[in-house]
Q: 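Dropping a structure here in structure tokens format, bear with me for questions.
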Amino acid sequence: MDTLARAPSASELVADTVESVWTHDVGKSASDALALGDSVVLAVAADRKVTLLRRDNGQRVWVRRLKGVGTAGPLFTLTQVYSASGDREGHLHAHEFWTGKVRWTKTIGSVHRPIALRQSQVFAATTAGFVFALSAADGEVNWQRYMHKPVRSGVTVLDSRLFVATDDSLFLLSVEDGSVVHATASRGPVIQPAAVSGSLLVLVSPEAFIAAYDANTLEERWWHFVGDPILGGVAIARDTAFLATVDGDLWRVPLANPDGAVVQSLDRPMRMTPTPVRNGVLVGTVGGEVLFLGGRALEPVWTRTVDGPLEFSPVVDNGTIFVYDGRGTIHAWREPPDRAETPGDEEG
């Protein structure tokens, strides 16, 4: 799965018809995107909960209470689950994977999503403008860097560098000590994580633009205005950036030719990142609709409705679609077993 492209489902196929396999309520509202393992689903909810479910039937394995409102994660390894909370104090948490037993908790301040995990370190950014690197084993602070303004983009790890954004600047930090490697002015605030494709770092902004920067130097490569605010993020698949505006437009922006961007009006407000798949794209709306747009079709192949608003992208894995709705319920959908139809061609 290409998580840096923010498109972990890009190689998946979505069926022309889906039905519910299971649902499970894990909290009052969703706090961050779901995390999937081979046999589990992990979720963080706004009502101070982190939950581990069985993937095949949605049964709960464990649920643990966080110190504060859940805001980021979960991330996991074979042994631990990491999450963060965003109350005034703000904490990073590590739980034992199969039991949920607390391994460590560290107070660092209100955390913005997403957090990141690289080898032996967990990285997080706070509303107070600090970026932290903590030991994944015991939560000890390896380094911290004050950015002087709130970091609302969360963190994105690029090999030996870490990308963060403030309201007016972009930064590449060293993962070793937090020192500033490169910095540049931003055209506007960035409130979602960047997506990465090769040497391009791609950002979107509430000020209605998408921009691409050199991932090594932060030199701007191109900039494209989309007309309406973007509150979700950007996903990259098939050398194309996918984004949705609050006024209901789905944009496909070719990375090599942004002036060739295609916009499709869905007339439904959206504030989540689209989910490109092999044969189309999934989008979710403020009203709770999940739409599957096959290929370049103008009308949805199918629509299902859950509780809105939908803020986090559906995830597709091995033919199952996982949706985390606005009321904190996880839905698992897949093609009915008695159907033999093959999904349509890949999107061009």
Q: Phe132, Leu162: one ILVMFWY side-chain cluster at the under-4.5 Å cut-off?
A: no
Q: Do NZ/NE/NH1/NH2 and the carboxylate oxygens of Asp317 and Arg55 come within less than 4.0 Å?
A: yes
Q: Between CG of Leu42 and NE2 of His95, what distance do you get to the nearest 0.5 Å?
A: 11.0 Å
Q: Flag the pair Trp22 / His331 as yes when their ring centroid distance falls below 6.0 Å, and as no otherwise.
A: no
Q: Run Arg271 and Glu311 through salt bridge (Lys or Arg N to Asp or Glu O under 4.0 Å) and show every step you take.
A: CA-CA 6 Å; Arg271 60 188 196 207; Glu311 298 190 58; 3.6 Å; yes
Q: If you define the side chain from C-beta out and look only at heavy atoms, does anything of Thr71 sit under 4.5 Å from Ser31?
A: no
Q: To the nearest 0.5 angstrom, please state how far the CD atom of Glu335 sits from the CG atom of Asp16.
A: 7.5 Å
Q: A side-chain contact here means heavy atoms from C-beta on lying under 4.5 Å apart; do Met270 and Val246 qualify?
A: no
Q: Can you check whether Asn318's main-chain N or O pairs, donor with acceptor, with Glu12's side chain at less than 3.5 Å?
A: yes
Q: Mind checking whether Trp333 and Val323 have side chains closer than 4.5 Å, heavy atoms only?
A: yes
Q: Hydrogens and angles aside, do Thr23 and Asp25 bring a side-chain donor and acceptor to less than 3.5 Å of each other?
A: no
Q: Supply the atom-to-atom distance Arg161 CZ to Asn216 CG, rounded to the nearest 0.5 angstrom.
A: 5.5 Å
Q: Would you say Val40 ends up clustered with Ile321 if hydrophobic residues are merged whenever their side chains have heavy atoms under 4.5 Å apart, either directly or through other cluster members?
A: no
Q: Would you give the length of the straight line joining atom CG of Leu4 to atom CZ of Phe163, rounded to the nearest 0.5 angstrom?
A: 12.5 Å
Q: Centroid separation under 6.0 Å, is that true for the rings of Phe225 and Phe209?
A: no
Q: With rounding to the nearest 0.5 angstrom, report the OG to CZ distance, Ser83 to Arg113.
A: 14.0 Å
Q: Answer yes or no: are there more than 12 heavy-atom neighbours, outside Asp239 itself, under 6.0 Å from its atom CG?
A: no
Q: Is there a side-chain contact between Leu291 and Thr285 (heavy atoms, below 4.5 Å)?
A: yes
Q: Would His93 and Trp104 satisfy ring pair (Phe, Tyr, Trp, His ring centres under 6.0 Å), going step by step from the backbone distance to the final call?
A: CA-CA 6 Å; His93 311 265; Trp104 54 260; 8.4 Å; no
Q: May I ask you to say whether Glu289 pairs ionically with Arg268, meaning some side-chain N is under 4.0 Å from a carboxylate O?
A: yes
Q: Without hydrogens or angle criteria, can the side chains of Arg6 and Thr156 be said to hold a donor-acceptor pair below 3.5 Å?
A: yes
Q: Would you kindly say whether Gln264 and Asp249 are connected by a side-chain donor-acceptor distance under 3.5 Å?
A: no
Q: Examine Leu75 and Leu134 and state if one hydrophobic cluster contains both, with Ile, Leu, Val, Met, Phe, Trp and Tyr joined whenever side-chain heavy atoms are less than 4.5 Å apart.
A: yes
Q: Is it true that the side chains of Tyr82 and Gln80 contain a donor and an acceptor less than 3.5 Å apart?
A: yes
Q: A side-chain contact here means heavy atoms from C-beta on lying under 4.5 Å apart; do Val26 and Tyr324 qualify?
A: yes
Q: Aromatic contact between Phe76 and Phe97, with the criterion being ring centroids under 6.0 Å apart: yes or no?
A: yes
Q: Would you say that more than 12 heavy atoms from the other residues, nucleotides or ligands in this model lie under 6.0 Å from the CG of Asn57, or not?
A: yes
Q: Is the shortest side-chain heavy-atom distance between Leu53 and Gln59 below 4.5 Å?
A: no
Q: Side-chain contact, heavy-atom cut-off 4.5 Å: Ile236 with Val196?
A: no
Q: For Thr240 and Arg252, which I'm curious about, is there any donor-acceptor pair between the side chains at under 3.5 Å?
A: no
Q: Under the salt bridge (Lys or Arg N to Asp or Glu O under 4.0 Å) criterion, do Asp56 and Arg54 qualify, and how do the steps go?
A: CA-CA 6 Å; Asp56 57 352; Arg54 284 184 52 176; 2.5 Å; yes
Q: Is Asn257 atom CG crowded by more than 12 heavy atoms from other residues, nucleotides or ligands, each under 6.0 Å away?
A: yes
Q: Is it the case that Thr245 and Asp247 place a side-chain donor and acceptor less than 3.5 Å from each other?
A: no
Q: Examine distances only and state if a side-chain atom of Glu220 and a backbone atom of Trp222 form a donor-acceptor pair shorter than 3.5 Å.
A: no
Q: Within a strict 4.5 Å, meaning less than it, do heavy atoms of the Val315 and Thr275 side chains meet?
A: no
Q: Could you tell me the separation between the OG1 atom of Thr273 and the CD atom of Gln192, rounded to the nearest 0.5 Å?
A: 5.5 Å
Q: Within the supplied structure, the quantity of interest is the number of heavy atoms (other residues, nucleotides, ligands) at a distance under 6.0 Å from Arg48 CZ; does it exceed 12?
A: yes
